[in-house]
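For reference, positions follow the sequence shown, starting with 1. We use all heavy atoms of the structure for the numbers below, so side chains are in, but hydrogens, waters and symmetry mates are not.
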Amino acid sequence: MTIENLSVNKSFGGWHKQYSHPSTTLNCDMRFAIYLPPQASNGDKVPVLYWLSGLTCSDENFMQKAGAQRIAAELGIAIVAPDTSPRGHNVADDEGYDLGQGAGFYVNATQAPWHSHYQMYDYIVNELPSLIESTFPVSHKRAIAGHSMGGHGALTIAMLNPERYSSMSAFSPICNPINCPWGQKAFTAYLGKNKEKWQQHDASELMRQAQKFVPARVDQGGADNFLIEQLKPEMLELAAKASGYPLDLHMHEGYDHSYYFIASFIEEHLRFHASYLKL
(Lines give C-alpha, C1' and ligand atoms only; values in the text may rest on other atoms or scores of the structure.)
Protein backbone atom coordinates (compact mmCIF):
# COMPACT_ATOMS: atom_id res chain seq x y z
CA MET A 1 0.00 0.00 0.00
CA THR A 2 1.28 3.46 -0.92
CA ILE A 3 1.27 6.03 1.85
CA GLU A 4 2.22 9.69 1.52
CA ASN A 5 3.99 11.57 4.29
CA LEU A 6 2.33 14.98 4.78
CA SER A 7 4.27 16.39 7.74
CA VAL A 8 7.01 15.59 10.25
CA ASN A 9 7.65 17.26 13.62
CA LYS A 10 10.10 16.24 16.30
CA SER A 11 8.52 16.08 19.76
CA PHE A 12 10.03 14.97 23.10
CA GLY A 13 12.75 13.02 21.32
CA GLY A 14 10.27 11.21 19.11
CA TRP A 15 8.46 12.06 15.91
CA HIS A 16 4.95 13.20 15.09
CA LYS A 17 4.11 12.28 11.49
CA GLN A 18 1.00 12.73 9.39
CA TYR A 19 0.16 10.49 6.44
CA SER A 20 -2.42 10.01 3.72
CA HIS A 21 -3.22 6.67 2.13
CA PRO A 22 -5.84 5.15 -0.17
CA SER A 23 -8.24 3.07 1.90
CA THR A 24 -9.79 0.03 0.22
CA THR A 25 -12.19 -0.33 3.15
CA LEU A 26 -13.55 3.21 2.96
CA ASN A 27 -13.14 3.66 -0.80
CA CYS A 28 -11.40 7.03 -0.44
CA ASP A 29 -8.13 8.57 0.71
CA MET A 30 -7.71 8.67 4.48
CA ARG A 31 -5.41 10.61 6.76
CA PHE A 32 -3.90 9.56 10.07
CA ALA A 33 -1.30 10.87 12.50
CA ILE A 34 1.24 8.80 14.39
CA TYR A 35 3.51 9.69 17.27
CA LEU A 36 6.59 7.45 17.43
CA PRO A 37 8.41 7.71 20.78
CA PRO A 38 12.23 7.83 20.89
CA GLN A 39 12.38 4.11 21.68
CA ALA A 40 11.08 3.38 18.18
CA SER A 41 14.20 5.03 16.73
CA ASN A 42 16.42 2.69 18.73
CA GLY A 43 15.26 -0.44 16.95
CA ASP A 44 12.59 -1.39 19.49
CA LYS A 45 9.10 -2.34 18.44
CA VAL A 46 6.76 -0.33 20.62
CA PRO A 47 3.09 -0.93 21.50
CA VAL A 48 0.37 1.27 20.05
CA LEU A 49 -2.47 3.26 21.58
CA TYR A 50 -5.19 3.97 19.01
CA TRP A 51 -6.99 7.23 19.73
CA LEU A 52 -10.49 7.78 18.31
CA SER A 53 -11.65 11.39 18.27
CA GLY A 54 -15.14 12.84 18.58
CA LEU A 55 -17.67 14.65 16.42
CA THR A 56 -16.26 17.28 14.01
CA CYS A 57 -12.67 16.27 14.82
CA SER A 58 -9.92 14.95 12.55
CA ASP A 59 -6.57 13.26 13.16
CA GLU A 60 -5.15 16.61 14.27
CA ASN A 61 -7.20 17.53 17.36
CA PHE A 62 -5.74 15.02 19.81
CA MET A 63 -2.15 15.34 18.64
CA GLN A 64 -2.19 19.13 18.88
CA LYS A 65 -4.28 19.66 22.02
CA ALA A 66 -4.00 16.70 24.40
CA GLY A 67 -0.33 17.05 25.36
CA ALA A 68 0.17 13.29 25.27
CA GLN A 69 3.59 13.14 23.63
CA ARG A 70 5.68 13.80 26.75
CA ILE A 71 4.27 10.82 28.66
CA ALA A 72 4.13 8.62 25.54
CA ALA A 73 7.84 9.33 25.04
CA GLU A 74 8.60 8.39 28.63
CA LEU A 75 6.57 5.17 28.46
CA GLY A 76 7.59 4.15 24.95
CA ILE A 77 4.08 4.06 23.50
CA ALA A 78 3.21 4.99 19.93
CA ILE A 79 -0.06 6.83 19.40
CA VAL A 80 -2.11 6.52 16.22
CA ALA A 81 -4.94 9.00 15.60
CA PRO A 82 -7.08 8.29 12.53
CA ASP A 83 -9.63 10.65 11.02
CA THR A 84 -13.19 10.35 12.28
CA SER A 85 -14.81 9.44 8.95
CA PRO A 86 -14.24 8.99 5.23
CA ARG A 87 -14.00 12.31 3.39
CA GLY A 88 -14.08 13.62 -0.17
CA HIS A 89 -16.31 15.10 -2.87
CA ASN A 90 -17.85 11.72 -3.65
CA VAL A 91 -18.43 10.76 -0.01
CA ALA A 92 -21.97 11.15 1.35
CA ASP A 93 -22.46 13.97 3.83
CA ASP A 94 -25.14 15.71 5.87
CA GLU A 95 -25.72 19.33 6.86
CA GLY A 96 -25.67 18.39 10.55
CA TYR A 97 -22.38 18.19 12.42
CA ASP A 98 -23.45 14.89 14.01
CA LEU A 99 -23.86 12.88 10.81
CA GLY A 100 -21.74 12.29 7.73
CA GLN A 101 -18.21 13.59 7.24
CA GLY A 102 -16.56 14.07 10.63
CA ALA A 103 -19.15 11.82 12.27
CA GLY A 104 -18.54 8.21 11.24
CA PHE A 105 -19.45 6.75 14.68
CA TYR A 106 -17.02 3.85 14.13
CA VAL A 107 -19.66 1.49 12.72
CA ASN A 108 -20.08 -0.27 9.37
CA ALA A 109 -22.97 1.43 7.58
CA THR A 110 -25.48 -0.87 5.91
CA GLN A 111 -27.82 1.81 4.53
CA ALA A 112 -27.61 3.92 1.37
CA PRO A 113 -25.99 6.31 0.66
CA TRP A 114 -23.62 5.69 3.55
CA HIS A 115 -22.67 2.05 3.02
CA SER A 116 -20.32 2.66 0.08
CA HIS A 117 -17.82 4.57 2.23
CA TYR A 118 -18.77 4.52 5.91
CA GLN A 119 -17.11 1.30 7.06
CA MET A 120 -15.23 2.82 9.96
CA TYR A 121 -15.45 -0.25 12.20
CA ASP A 122 -13.57 -2.41 9.69
CA TYR A 123 -11.09 0.37 9.04
CA ILE A 124 -10.19 0.79 12.72
CA VAL A 125 -10.18 -2.92 13.58
CA ASN A 126 -8.48 -4.33 10.49
CA GLU A 127 -7.13 -2.08 7.75
CA LEU A 128 -5.44 0.63 9.81
CA PRO A 129 -3.64 -1.69 12.29
CA SER A 130 -2.45 -3.83 9.40
CA LEU A 131 -1.00 -0.75 7.72
CA ILE A 132 0.57 0.57 10.92
CA GLU A 133 2.13 -2.75 11.91
CA SER A 134 3.58 -3.39 8.45
CA THR A 135 5.00 0.14 8.02
CA PHE A 136 6.28 1.33 11.40
CA PRO A 137 8.45 -0.17 14.19
CA VAL A 138 5.51 -1.19 16.36
CA SER A 139 4.48 -4.45 17.98
CA HIS A 140 1.15 -6.26 17.91
CA LYS A 141 0.34 -4.99 21.42
CA ARG A 142 -2.58 -2.58 21.17
CA ALA A 143 -4.70 -0.41 23.45
CA ILE A 144 -7.56 1.84 22.40
CA ALA A 145 -8.98 5.11 23.74
CA GLY A 146 -11.18 7.95 22.62
CA HIS A 147 -13.31 10.98 23.37
CA SER A 148 -17.08 11.44 23.10
CA MET A 149 -18.09 9.72 19.82
CA GLY A 150 -14.58 8.27 19.84
CA GLY A 151 -15.05 7.11 23.42
CA HIS A 152 -18.11 5.21 22.20
CA GLY A 153 -15.97 3.76 19.42
CA ALA A 154 -13.10 2.77 21.69
CA LEU A 155 -15.31 1.01 24.23
CA THR A 156 -17.47 -0.84 21.72
CA ILE A 157 -14.60 -1.88 19.45
CA ALA A 158 -12.58 -3.22 22.38
CA MET A 159 -15.51 -5.15 23.82
CA LEU A 160 -16.32 -6.63 20.41
CA ASN A 161 -12.65 -7.62 19.96
CA PRO A 162 -11.31 -8.42 23.44
CA GLU A 163 -8.46 -10.51 22.02
CA ARG A 164 -7.05 -7.51 20.12
CA TYR A 165 -6.72 -4.93 22.90
CA SER A 166 -4.96 -5.03 26.25
CA SER A 167 -7.02 -2.16 27.68
CA MET A 168 -9.55 0.52 26.76
CA SER A 169 -10.31 3.99 28.03
CA ALA A 170 -12.53 6.93 27.23
CA PHE A 171 -13.11 10.57 28.03
CA SER A 172 -16.76 11.65 28.08
CA PRO A 173 -17.96 8.70 25.98
CA ILE A 174 -21.44 8.32 24.49
CA CYS A 175 -22.23 5.43 26.81
CA ASN A 176 -25.75 4.52 25.74
CA PRO A 177 -26.22 5.70 22.12
CA ILE A 178 -29.43 3.77 21.56
CA ASN A 179 -31.03 6.09 24.14
CA CYS A 180 -29.58 9.48 23.18
CA PRO A 181 -30.22 11.86 20.26
CA TRP A 182 -26.71 11.62 18.77
CA GLY A 183 -26.77 7.85 18.70
CA GLN A 184 -30.34 7.51 17.51
CA LYS A 185 -29.75 9.86 14.58
CA ALA A 186 -26.51 8.17 13.51
CA PHE A 187 -27.69 4.60 14.00
CA THR A 188 -30.92 5.19 12.07
CA ALA A 189 -28.95 6.62 9.15
CA TYR A 190 -26.08 4.15 9.14
CA LEU A 191 -27.69 0.95 10.41
CA GLY A 192 -31.41 1.33 9.64
CA LYS A 193 -34.42 1.15 11.92
CA ASN A 194 -33.79 -2.32 13.40
CA LYS A 195 -32.83 -1.42 16.97
CA GLU A 196 -31.49 -4.89 17.68
CA LYS A 197 -28.59 -4.02 15.35
CA TRP A 198 -28.04 -0.81 17.29
CA GLN A 199 -27.43 -2.77 20.48
CA GLN A 200 -24.35 -4.37 18.91
CA HIS A 201 -22.69 -0.94 19.03
CA ASP A 202 -23.92 0.31 22.40
CA ALA A 203 -21.25 0.30 25.12
CA SER A 204 -23.75 -0.16 27.96
CA GLU A 205 -25.48 -3.07 26.25
CA LEU A 206 -22.16 -4.74 25.43
CA MET A 207 -20.81 -4.25 28.94
CA ARG A 208 -23.97 -5.68 30.50
CA GLN A 209 -23.68 -8.84 28.38
CA ALA A 210 -19.88 -9.18 28.44
CA GLN A 211 -18.24 -12.48 29.31
CA LYS A 212 -14.69 -11.55 28.30
CA PHE A 213 -13.31 -8.42 29.93
CA VAL A 214 -10.96 -5.71 28.71
CA PRO A 215 -9.80 -3.48 31.59
CA ALA A 216 -11.58 -0.13 31.25
CA ARG A 217 -11.09 3.40 32.52
CA VAL A 218 -13.61 6.20 31.89
CA ASP A 219 -13.28 9.84 32.92
CA GLN A 220 -16.25 12.21 32.81
CA GLY A 221 -16.50 15.91 33.61
CA GLY A 222 -19.30 16.97 35.93
CA ALA A 223 -19.80 20.30 34.11
CA ASP A 224 -20.08 18.68 30.68
CA ASN A 225 -22.96 20.29 28.75
CA PHE A 226 -23.75 16.93 27.09
CA LEU A 227 -23.66 14.84 30.27
CA ILE A 228 -27.36 14.26 30.92
CA GLU A 229 -28.89 14.16 27.45
CA GLN A 230 -26.14 12.55 25.37
CA LEU A 231 -23.47 10.77 27.44
CA LYS A 232 -25.24 8.90 30.27
CA PRO A 233 -22.27 7.39 32.17
CA GLU A 234 -24.68 6.12 34.84
CA MET A 235 -25.93 3.55 32.31
CA LEU A 236 -22.41 2.25 31.79
CA GLU A 237 -21.87 2.05 35.53
CA LEU A 238 -25.08 0.05 35.98
CA ALA A 239 -24.05 -2.29 33.18
CA ALA A 240 -20.64 -2.88 34.76
CA LYS A 241 -22.23 -3.74 38.09
CA ALA A 242 -24.57 -6.20 36.39
CA SER A 243 -21.78 -8.15 34.68
CA GLY A 244 -18.94 -7.55 37.12
CA TYR A 245 -17.02 -5.67 34.44
CA PRO A 246 -13.69 -4.13 35.57
CA LEU A 247 -14.72 -0.52 34.94
CA ASP A 248 -12.83 2.29 36.66
CA LEU A 249 -15.13 5.32 36.33
CA HIS A 250 -13.96 8.75 37.49
CA MET A 251 -16.23 11.81 37.77
CA HIS A 252 -14.49 15.20 37.90
CA GLU A 253 -16.33 18.21 39.28
CA GLY A 254 -16.12 21.37 37.19
CA TYR A 255 -14.62 19.84 34.03
CA ASP A 256 -16.37 20.20 30.67
CA HIS A 257 -16.30 18.35 27.33
CA SER A 258 -13.24 20.07 25.91
CA TYR A 259 -9.60 19.18 25.36
CA TYR A 260 -8.79 21.16 28.51
CA PHE A 261 -10.37 18.21 30.31
CA ILE A 262 -8.54 15.61 28.24
CA ALA A 263 -5.18 17.35 28.71
CA SER A 264 -5.75 17.39 32.48
CA PHE A 265 -6.01 13.60 32.77
CA ILE A 266 -4.31 12.14 29.69
CA GLU A 267 -1.26 11.17 31.75
CA GLU A 268 -3.40 8.95 33.97
CA HIS A 269 -4.86 7.25 30.89
CA LEU A 270 -1.47 6.59 29.32
CA ARG A 271 -0.11 5.13 32.55
CA PHE A 272 -3.26 3.02 32.86
CA HIS A 273 -2.67 1.56 29.41
CA ALA A 274 1.05 1.10 30.05
CA SER A 275 0.30 -1.09 33.06
CA TYR A 276 -1.61 -3.51 30.81
CA LEU A 277 0.81 -3.26 27.89
CA LYS A 278 3.39 -4.53 30.43
CA LEU A 279 5.70 -1.54 30.10
Side-chain angles (χ1 to χ4, degrees), residues 1 3-4 6 18-34 50-66 79-132 144-158 160-161 170-174 177 180-192 197-198 200-203 226 230-231 257 259 262:
M1 182 182 293
I3 67 172
E4 178 185 0
L6 303 176
Q18 190 180 54
Y19 290 90
S20 174
H21 74 99
S23 168
T24 57
T25 302
L26 302 178
N27 193 27
C28 66
D29 287 344
M30 283 294 285
R31 201 172 67 186
F32 69 87
I34 183 169
Y50 288 87
W51 174 269
L52 307 184
S53 290
L55 290 167
T56 75
C57 292
S58 71
D59 62 293
E60 295 182 328
N61 296 73
F62 177 81
M63 291 300 197
Q64 294 180 2
K65 296 180 179 180
I79 302 175
V80 172
D83 203 347
T84 51
S85 78
R87 296 182 192 265
H89 294 300
N90 297 321
V91 176
D93 200 6
D94 185 84
E95 293 182 356
Y97 73 94
D98 51 356
L99 186 67
Q101 295 188 35
F105 267 83
Y106 306 102
V107 300
N108 287 340
T110 59
Q111 307 299 302
W114 312 102
H115 64 289
S116 58
H117 292 96
Y118 285 76
Q119 305 295 312
M120 285 297 293
Y121 175 89
D122 281 350
Y123 178 71
I124 297 299
V125 174
N126 297 311
E127 184 179 15
L128 183 61
S130 178
L131 173 61
I132 297 298
I144 191 166
H147 171 232
S148 195
M149 176 187 73
H152 139 78
L155 297 178
T156 56
I157 285 173
L160 288 167
N161 301 273
F171 289 88
S172 316
I174 304 172
C180 79
W182 280 342
Q184 291 166 349
K185 179 178 179 178
F187 286 1
T188 300
Y190 297 144
L191 304 176
K197 293 182 179 179
W198 298 7
Q200 299 170 21
H201 297 281
D202 185 292
F226 305 111
Q230 302 282 12
L231 305 179
H257 199 71
Y259 267 83
I262 295 171

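Between His147 and His257, the gap from one ring centroid to the other is short of 6.0 Å.
Taking CD of Gln101 as the reference point, atom CG of Asp94 lies at 10.5 Å (rounded to 0.5 Å). With values rounded to the nearest 0.5 angstrom, Phe226 atom CZ is found 9.5 Å from Ile174 atom CD1. To the nearest 0.5 Å, atom OG of residue Ser148 and atom CD1 of residue Ile262 are 8.5 Å apart. Tyr190 OH to His201 NE2: the interatomic distance, rounded to the nearest 0.5 Å, is 13.0 Å.
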When you look at Arg31 and Arg87, which way does the side-chain contact (heavy atoms from CB on, under 4.5 Å) test go after all the steps?
CA-CA 9 Å; Arg31 201 172 67 186; Arg87 296 182 192 265; over 6 Å; no

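Between His117 and Val91, the shortest heavy-atom distance links the atoms CD2-CG2, 3.8 Å. Contact detail for Leu52 and Gly153: the closest heavy-atom pair is CD1-C, 3.7 Å. In terms of heavy-atom proximity, Ser58 sits nearest to Asp83 at CA-OD1, 3.3 Å. Across all their heavy atoms, Tyr123 and Ser23 have their closest contact at CD1-OG, 3.7 Å. Closest of all the heavy-atom pairs between Thr156 and Ala203 is CG2-N, 3.6 Å.
Using the six-membered ring where Trp is involved, His152 and Phe105 have ring planes that are tilted, between 30° and 60° apart. Between Tyr97 and Trp182, the two ring planes are perpendicular [angle over 60°; tilted spans 30° to 60°].
Partners of Phe171 according to the ring pair (Phe, Tyr, Trp, His ring centres under 6.0 Å) rule, which considers only residues two or more places apart in sequence or in another chain, are Phe261, His269. Legend: residues meeting ring pair (Phe, Tyr, Trp, His ring centres under 6.0 Å) with Tyr106, ordered by chain and number and at least two apart, are absent. Residues passing the side-chain hydrogen bond (donor to acceptor under 3.5 Å, both in side chains) test with Thr25, sequence neighbours excluded: Glu127.
Screening Leu26, Thr84, Asn108, Ile157 for a side-chain contact (heavy atoms from CB on, under 4.5 Å) involving Met120 leaves a single residue, Leu26.
With Trp51 contributing its side chain and Asp59 its backbone, the two residues share no donor-acceptor pair below 3.5 Å. Looking at Gln119, its side chain does come within 3.5 Å of a backbone N or O of Ala109 through a donor-acceptor pair.
Proximity of Val107 to Tyr118: side-chain heavy atoms (C-beta onward) are nowhere separated by under 4.5 Å.
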